Amino acid sequence: MLNYNRYKRVPVVHMPEREWPNKEIEKAPVWCSVDLRDGNQALIEPMVVEEKIEFFNFLVKLGFKEIEIGFPSASQIEYDFLRQLVDRNLIPDDVIVQVLVQCREHLIKRTFEAIEGVKKAIVHIYNSTSTLQRDVVFHKEKDEIKQIAIDGTDMVKKYVEDFPGEIILEYSPESFTGTELDYALEVCEAVLDTWGASKEKPVIINLPATVEMNTPNVYADQIEWMSKHFKNREAVILSVHPHNDRGTAVAAAELAILAGCDRIEGTLFGNGERTGNVDLLNIAYNMFSQGIDPNLAIENVNEIVEICERCTKMPVGMRHPYAGKLVFTAFSGSHQDAINKGIHAMQERGLKHWEVPYLPIDPSDVGREYEPIVRINSQSGKGGVAFIMDSCFGFKLPKGMHKEFADVIQVIAEKQGEVAPDQIMSVFKSCYLEAKEPLHFKKCIVEDTSETETEYDTRVRILYTDNGEERHLEASGNGPIDAVQRGLQKELGIKLKVLDYNEHALRSGSNAQAAAYIHMMDMDTRKVTYGVGVSSNITRASIRAIFSAVNRLSNK
């Protein structure tokens with residue numbers, strides 16, 4: 001039996017005056033990528049310097065203005081990487097690099113050596129403040145833990161005095177989500193006072209969900225409480241750094257924005273320790289889907305995936321939001337049908353805004369293609385097969401034909417699994433366009449027999465083969481379709497009824513073709529089927545469709 005009694009509930013915030021539930025996200029936060037530190041340290045095979053440089057340049061290309069580049073005092077490769085950025089002049093003037101360091105004298109000294117020559121940097125200090133870590137890791141009281149933060153701030157101030165560039169201080173009460181709120185505020189205020197924070201000289205106070213311990217609404221309450229209780233909120237750039245232990249980091253970050261945070265730290269695709277950091281791209285694409293400019297150049301998700309996978313040597317999941325290979329793919333028949341109808345409705349109505357069921361964004365807006373949207377397997381329905389025929393090959397099957405052809409594909413899918421579009425088209429050809437036995441239409445002559453509309457004003461002369469034997473027929477009717485139908489009835493001794501007829505242009509230009517669809521019934525057997533014909537001449541396409549339908553009826 002699942003031993004759930006081993007675990008106790010984490011306390012929540014009593015905050016009936018909360019305001020965040022009534023707010024909406026209106027603009028992008030300040031994004032800070034921690035891929036090169038938090039994401040890199042969690043890799044089975046960490047990046048080498050040149051890979052880190054490539055990744056850094058790509059983050060700049062995406063539009064990140066704050067990039068945490070590592071822990072230069074703790075790792076030689078990260079120290080060397082930072083020096084390469086400086087020596088090769090790779091840090092743009094509008095990009096701020098961020099370095100992480102514990103509140104220890106020799107580590108802070110080494111960090112300032114590493115950032116020598118950097119015009120503007122964020123020095124990020126931290127120490128753990130949670131009740132659990134105070135007890136079992138540090139064995140220190142509240143005042144002792146607070147003093148670590150104060151001493152770290154003083155040490156940074158000392159080295160700033162001789163640093164020619166600009167330094168922004170960032171402080172994180174690590175394991176914030178397990179820290180009493182009033183105590184977390186006390187420690188942060190001590191840092192702000194020690195630094196001399198002001199509106200002109202703000203400090204980044206970063207409140208990490210080092211471990212997700214509760215639902216996202218509780219994190220939002222914690223962020224709003226802190227935001228409202230700072231003595232001088234203007235002196236604070238309020239930042240969050242959510243982890244994904246409960247799988248709700250994106251939701252926690254979005255609610256934190258509503259609760260008053262200004263800045264989010266995270267990684268591309270959520271890479272990081274344990275279950276990872278918050279996925280910055282997920283949040284950015286969510287904003288984009290709501291008509292909000294994310295202020296990141298994320299138009300080509302395929303390129304982002306390729307570079308991340310190559311540098312981190314970790315795959316992006318097939319169902320990963322926005323980026324996975326299958327996220328714009330619908331296998332369900334009802335989904336496929338709705339997507340099909342939604343795209344047609346947009347085209348017909350000339351809608352300004354994207355509104356397609358099951359697709360929150362247009363895949364082409366992020367560099368994806370329409371072709372993979374619908375894939376066919378045994379779970380697919382008639383709408384999906386029809387969509388493939390239309391979007392991939394231009395055949396707009398009549399609604400009544402959707403089920404007939406989908407049933408054919410269903411049989412194949414149940415035997416082999418997924419059916420690719422090219423195979424669907426091949427089956428369509430063999431079932432309809434190449435249905436030439438026993439009757440094979442060869443040539444036709446169509447004549448108008450009267451200048452006025454009479455009952456029979458069209459005469460047709462048809463050359464065809466019946467089981468390989470050449471034959472002719474002549475017949476009259478009130479149009480080519482009626483005349484051919486009458487002629488075949490007489491020649492074959494059967495009763496045929498045309499139930500429906502559809503046609504459309506298949507291609508435009510000098511090689512224009514038309515597709516014709518005939519829904520036909522054998523009046524004796526009551527069997528019904530569709531026939532399809534294609535030709536550059538619509539009359540010839542219609543006649544081919546009739547022969548296709550008659551052949552299908554005879555083979556049923």
Side-chain angles (χ1 to χ4, degrees), residues 62 247 250-251 254 267-271 276 278-294 296-310 314-397 402 406 409 413 417-425:
L62 291 179
V250 168
E254 291 182 328
T267 59
L268 306 183
F269 304 124
N271 183 30
V278 67
D279 181 346
L280 296 184
L281 292 173
N282 197 339
I283 303 172
Y285 283 124
N286 285 352
M287 291 181 178
F288 169 71
S289 74
Q290 299 296 302
I292 300 169
D293 185 355
L296 291 173
I298 53 176
E299 297 89 342
N300 191 342
V301 71
N302 292 332
E303 181 187 22
I304 302 173
V305 169
E306 188 276 324
I307 290 177
C308 285
E309 289 187 334
R310 177 162 46 77
M314 293 181 66
V316 174
M318 297 183 80
R319 302 286 186 189
H320 196 105
Y322 301 101
K325 292 180 180 178
L326 294 180
V327 297
F328 297 117
T329 301
F331 288 94
S332 163
S334 61
H335 288 208
Q336 293 164 352
D337 183 56
I339 291 170
N340 185 12
K341 291 174 180 175
I343 290 176
H344 279 299
M346 278 200 63
Q347 293 170 345
E348 292 168 0
R349 299 173 186 176
L351 297 180
K352 176 183 177 183
H353 294 104
W354 177 261
E355 291 183 331
V356 174
Y358 301 112
L359 291 179
I361 65 170
D362 182 345
S364 67
D365 285 337
V366 296
R368 299 290 291 271
E369 299 293 335
Y370 278 119
E371 287 76 10
I373 288 177
V374 176
R375 292 167 65 172
I376 306 301
N377 65 10
S378 61
Q379 303 299 307
S380 305
K382 59 185 181 181
V385 175
F387 182 74
I388 287 291
M389 291 303 300
D390 184 2
S391 62
C392 295
F393 306 108
F395 284 89
K396 303 180 187 301
L397 307 188
H402 290 188
I409 300 301
E418 184 178 342
V419 187
D422 286 345
Q423 186 179 4
I424 292 172
M425 185 61 203

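Nothing here was measured: the structure is a model prediction, and the numbers come from that model.
Side-chain atoms of Leu280 and Thr267, non-hydrogen and from C-beta on, never get closer than 4.5 Å to each other. Counting heavy atoms from C-beta outward, Glu418 and Ile376 have side chains that stay 4.5 Å or more apart. A heavy-atom distance below 4.5 Å is found between the side chains of Met389 and Met425. The side-chain heavy atoms of Asp293 and Met287, taken from C-beta on, include no pair separated by under 4.5 Å. Looking at heavy atoms from C-beta onward, Val385 lies out of side-chain contact with His402 at the 4.5 angstrom threshold.
Here Tyr322 contributes atom OH and Asn282 contributes atom CG; the two are 6.5 Å apart, rounded to the nearest 0.5 Å. Going from atom CG of Leu62 over to atom CD of Glu303 covers 7.5 Å, rounded to the nearest 0.5 Å. Separation of atoms CG (Leu359) and CD1 (Ile343) is listed at 6.5 Å; rounding is to 0.5 Å. Between atom CZ of residue Phe288 and atom CG of residue Asp365 there is a gap of 4.0 Å, rounded to the nearest 0.5 Å. The CD atom of Gln423 sits 12.0 Å away from atom CD1 of Ile388, with the distance rounded to the nearest 0.5 Å. Here the SG atom belonging to Cys308 is positioned 7.0 Å from the CG atom belonging to Leu281, to the nearest 0.5 angstrom.
Here the closest non-hydrogen pair linking Pro294 and Ala284 is CB-O, 3.7 Å. When all heavy atoms of Asn302 and Gly367 are compared, the closest pair comes out as ND2-O, 3.0 Å. The minimum heavy-atom distance linking Ile361 with Ser289 is given by the pair CG2-CB, 3.5 Å. Here the closest heavy-atom approach between residue Cys392 and residue Pro421 is recorded as SG-CB, 4.2 Å. Residues Ser378 and Ala413 come closest through the heavy atom pair N-CB, 3.5 Å. When every heavy atom of Gly383 is checked against every heavy atom of Asn340, the shortest pair comes out as O-ND2, 3.8 Å.
None of Thr329, Val327, Leu326 except one satisfies the side-chain contact (heavy atoms from CB on, under 4.5 Å) rule with Met318; the exception is Leu326.
For residues 326-338, the pairs satisfying salt bridge (Lys or Arg N to Asp or Glu O under 4.0 Å) are Asp337-Lys341, with sequence neighbours left out.
Of the possible donor and acceptor atoms, none in the side chain of Asp279 sits under 3.5 Å from a partner among the backbone N and O of Val250. A donor-acceptor pair is defined here as one N or O able to donate and one able to accept, closer than 3.5 Å; such a pair exists between the side chain of Gln336 and the backbone of Ala330. Under a 3.5 Å cut-off, the side chain of Trp354 and the backbone N or O of Met346 do not form any donor-acceptor pair.
For Arg310, the salt bridge (charged side-chain N to carboxylate O under 4.0 Å, His left out) criterion is met by Glu54, Glu306, not counting sequence neighbours. The side-chain contact (heavy atoms from CB on, under 4.5 Å) check on Val301 picks up Tyr285, Val305, Ala323, Val366, Arg368, with sequence neighbours excluded.
Ring planes of Tyr358 and His335: parallel class, angle under 30° (limits at 30 and 60°).
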